Amino acid sequence: MELIKIHPPVVHFAIALPFALLVLEIYYRFNRKNPDGLHFIFTLLSSLSVLGAVLSGMVAYEPIEDKLYKIKIFSYHKYTGLFLAVLFIVLFVIRLNIGKSNGMRNLFTLILLLGMILLFIQGSMGGSIVYDHMVKPWVEMP
């Protein structure tokens, strides 16, 4: 199996798990519940899934790197992915130190919201790279 084929499924987990964490965080905040083991597990899985998506992206784009850099938004996609990896590592570190501090909890929620917005932007750019610049020209060939 080509390594490039592993990136799409990994990316879907990197969007779904942080989204589930955000839903859980909103639920906990609405019910005034402190983060617990489930919250920790979702934070860990979310962070690992984003890191996995970034690593699989690095592996996937290597064989076609020259072609990808011809696509204008590819550089933004690449650097947004690297930023998201760092952001979710920071999110996990904050979760490790959250305790009962309201300030840390607010920072956690804010970073998670920012991360989700960036993940959706990142997904949109990735979709554009694949469909607008690879699939569409292939389909439209005579």
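Here the structure is a predicted model, which means the values were calculated and not measured. Position 1 is the first residue of the sequence, and the numbers go up from there.
Under a cut-off of 6.0 angstrom, the local environment of CZ in Phe13 is sparse, with at most 12 non-hydrogen atoms contributed by other residues, nucleotides or ligands. The number of heavy-atom neighbours closer than 6.0 Å to OH of Tyr28, taken from other residues, nucleotides and ligands shown, is above 12.
For the atom pair CD1 (Ile41) and CG (Leu24), the distance works out to 10.5 Å, reported to the nearest 0.5 Å. Separation of atoms CG (Leu21) and OG (Ser46) is listed at 4.5 Å; rounding is to 0.5 Å. We find the NE2-NZ distance between His39 and Lys33 to be 10.5 Å, quoted to the nearest 0.5 Å. Residue Arg105 holds its CZ atom at 6.5 Å from CG of Asn34, rounded to the nearest 0.5 Å.
Closest of all the heavy-atom pairs between Val54 and Gly81 is CG2-O, 3.1 Å. Across Asn97 and Val93, no two heavy atoms sit closer than the pair ND2-O, 2.9 Å. In terms of heavy-atom proximity, Gly115 sits nearest to Leu84 at O-CD2, 3.7 Å. When every heavy atom of Ala14 is checked against every heavy atom of Leu119, the shortest pair comes out as O-CD1, 3.4 Å. Heavy atoms only, all atoms of each residue included: Leu17 and Ser49 are closest at CD1-CB, 3.9 Å. Here the shortest heavy-atom pairing between Ile98 and Pro35 reads CD1-CG, 4.2 Å.
A distance-only check finds a donor-acceptor pair linking the side chain of His7 to the backbone of Gly57 [under 3.5 Å]. Listed for the Asp36 side chain is a donor-acceptor partner under 3.5 Å among the backbone atoms of Leu38. Looking only at distances, a side-chain donor or acceptor of Thr80 sits under 3.5 Å from a matching main-chain atom of Tyr76.
Contact check for Ser128 versus Ile73: side-chain heavy atoms found under the 4.5 Å cut-off. Side-chain atoms of Ile71 and His77, non-hydrogen and from C-beta on, never get closer than 4.5 Å to each other. Looking at heavy atoms from C-beta onward, Leu87 lies in side-chain contact with Ile111 at the 4.5 angstrom threshold. The closest side-chain heavy-atom distance from Phe40 to Leu96 is below 4.5 Å.
For the pair Glu25 and Arg95, the salt-bridge criterion is not met [side-chain N within less than 4.0 Å of a carboxylate O].
In the hydrophobic cluster analysis, where Ile, Leu, Val, Met, Phe, Trp and Tyr join through side-chain heavy atoms closer than 4.5 angstrom, Met116 is grouped apart from Leu48. Note: the hydrophobic cluster containing Leu107 also contains Val50 (ILVMFWY, side chain heavy atoms under 4.5 Å, direct or indirect links). Linking ILVMFWY side-chain heavy atoms closer than 4.5 Å, directly or via other members, places Leu110 and Ile121 in two distinct hydrophobic clusters. Tracing side-chain contacts under 4.5 Å through hydrophobic residues (I, L, V, M, F, W, Y), one never reaches Leu112 starting from Leu44; they form parts of separate clusters. Put simply, Leu22 and Val90 are part of the same group of oily side chains (I, L, V, M, F, W, Y) that touch within less than 4.5 Å, one to the next.
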Next on the checklist: Show, in sequence, the C-alpha distance, side-chain angles and deciding distance for Phe88 and Leu51, and conclude whether the side chain to side chain contact (heavy atoms under 4.5 Å, CB included) test is met.
Outcome noted: CA-CA 8 Å; Phe88 273 84; Leu51 289 173; 6.0 Å; no
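The aromatic ring centres of Phe108 and Phe92 sit 6.0 Å or more apart.
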